[in-house]
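Letters go in sequence order (proteins before strands), and every chain restarts at 1.
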2 protein chains.
Amino acid sequence: MQLSRKADYALRAVAYISQLKKGDLASIGRIAKARGIPREFLAKILKELTRAGVLVSFQGVTGGYRLSRLPKEITFLDVIEVMEGPVRINLCVDDRHCACTNEKSCEIRPFFVKQQEQIIRAFKRQNFGAFAHNKISKLA
Amino acid sequence: MQLSRKADYALRAVAYISQLKKGDLASIGRIAKARGIPREFLAKILKELTRAGVLVSFQGVTGGYRLSRLPKEITFLDVIEVMEGPVRINLCVDDRHCACTNEKSCEIRPFFVKQQEQIIRAFKRQNFGAFAHNKISKLA
DNA sequence: TCTTAATAGATTATAAAAATCTATATTTTA
DNA sequence: TAAAATATAGATTTTTATAATCTATTAAGA
Ligand code: SF4
Ligand code: SF4
């Protein structure tokens with residue numbers, strides 16, 4: 001019932017990158033240091049975000065990462081789903097078949113279906129526009 | 001980001017017990033069979049719920065469990081917290097001190113504080129009155 | 001006193017999360 | 001063109017949490 005550290009790190013890294021000036025890049029090392037995230041773990045995270053199309057990367061001495069689109073066009077849900085896969089608040093609550101065989105008659109399932117909709121809506125509503133360079137004074 | 005099986009089992013067990021007629025008891029074996037929950041695991045769960053004051057138990061041949069109070073007076077939150085401890089949607093989001101040192105300046109924390117309030121409110125609102133004997137035709 | 005319950009608590013097994021490691025590819029610049 | 005700094009790929013390891021089971025004991029009714 002708790003967000004993984006991986007997703008938490010990812011959200012903070014993307015928030016950091018959102019604050020870059022247009023055209024700027026941030027390297028793994030810089031982000032890791034600024035946000036206190038284990039460097040190698042962050043490398044893995046940014047790699048996955050890049051592969052998923054959330055970030056764009058550049059290799060070489062002046063390399064690093066930037067967003068693939070505007071901050072306001074990237075949602076918390078986008079980032080969380082790259083890290084954890086589809087959000088499922090309880091085992092059964094998605095469209096796929098699951099191990100539990102009670103799905104049809106289950107008393108408590110409808111409650112979780114509803115709560116899942118709520119939380120997904122909230123994750124979708126929250127985007128990184130709130131952290132963009134013009135919204136926050138300076139990078140730490 | 002997913003409810004534990006333990007909590008899911010617990011909710012279904014309490015829902016089952018909520019459907020008993022006044023004065024009736026249900027044994028571990030009966031509930032486990034009816035709901036497809038591993039018997040020994042359920043024994044542990046019901047033990048904990050009893051110790052926490054959600055259920056009342058009776059030993060001996062005619063023993064079993066009943067609710068400690070009216071179904072509508074037991075919430076999903078009550079049961080979930082006995083199983084998993086305090087609900088925390090992300091590491092930092094509670095009153096205690098946590099490992100992450102970013103708490104004060106963290107950009108994303110306020111979002112999770114808010115979402116946590118939402119989900120806790122929903123867990124508190126949902127009670128077992130909805131499953132009481134007079135609401136549902138018969139026990140399966 | 002036998003049987004069928006719950007209780008207590010330790011233990012094991014499995015899986016997921018978190019982190020790290022090794023090696024390679026790419027780009028800049030001295 | 002060699003060195004340095006960067007990202008990429010993927011495997012591996014470590015750690016922790018979840019899930020489940022086991023052993024022994026206590027309690028009460030028939
Ligand atoms: S018991 Fe109900 S809520 Fe739980 S996993 Fe199965 S269908 Fe879903
Ligand atoms: S980084 Fe922010 S949201 Fe994440 S655990 Fe730390 S304070 Fe909480």
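Between the A:Gln115 side chain and the A:Ile89 main chain, no donor and acceptor come within less than 3.5 Å of each other.
B:Lys6 places its NZ atom 15 Å from the P atom of D:dT21, with the value rounded to the nearest Å. The separation between A:Ile37 atom CD1 and C:dA19 atom P is 10 Å, rounded to whole Å. Distance A:Tyr9 OH to C:dA18 C1': 8 Å, rounded to the nearest Å. Per the geometry, CG belonging to B:Leu3 stands 12 Å off C1' belonging to D:dT18, to the nearest Å. In this structure, B:Met83 places its CE atom 13 Å from C1' of D:dT18, rounding to the nearest Å. Between B:Met1 atom CE and D:dA17 atom P the separation is 17 Å, expressed in whole Å. In this structure, A:Arg88 places its CZ atom 14 Å from C1' of C:dA16, rounding to the nearest Å. One interatomic measurement links the two molecules: CD1 of B:Ile28 to P of C:dA8, which rounds to 12 Å at whole-angstrom precision.
Pairs passing the salt bridge (charged side-chain N to carboxylate O under 4.0 Å, His left out) check and including a residue from residues 68-83 of chain B, sequence neighbours excluded, read B:Arg69-B:Asp78. Judged as a ring-ring contact (aromatic ring centres under 6.0 Å, His included), the pairs with a partner in residues 28-68 of chain A (not counting sequence neighbours) are, in order, A:Tyr9-A:Phe41. Residues in residues 37-59 of chain A take part in these salt bridge (charged side-chain N to carboxylate O under 4.0 Å, His left out) pairs, two or more places apart or across chains: A:Lys6-A:Glu48.
Contact check, B:Ser27 against C:dT4: no side-chain N or O comes under 4.0 Å of OP1 or OP2. Within the 4.0 Å cut-off from OP1 or OP2 of D:dA17, not a single side-chain nitrogen or oxygen of A:Arg5 is found.
Looking at heavy-atom distances under 4.0 Å, B:Gly64 makes contact with sugar-phosphate atoms alone, never a base.
Taking the side chain to side chain donor-acceptor pair (under 3.5 Å) definition, one finds that B:Glu84 meets it with B:Ser4, sequence neighbours left out.
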Self-check item: A:Phe76 and A:Phe128: CA distance, side-chain angles, deciding distance, ring-ring contact (aromatic ring centres under 6.0 Å, His included) verdict
Solution: CA-CA 8 Å; A:Phe76 271 34; A:Phe128 290 87; 5.1 Å; yes
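Under a 4.5 Å side-chain heavy-atom cut-off, the cluster of Ile, Leu, Val, Met, Phe, Trp and Tyr residues that includes B:Leu70 has no other member.
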Practice problem: Classify every nucleotide of nucleotides 20-30 of chain C by which part a protein heavy atom approaches to under 4.0 Å, writing B for the base, S for the sugar-phosphate alone and - for neither, in 5'-to-3' order. | Solution: B-----BBB--
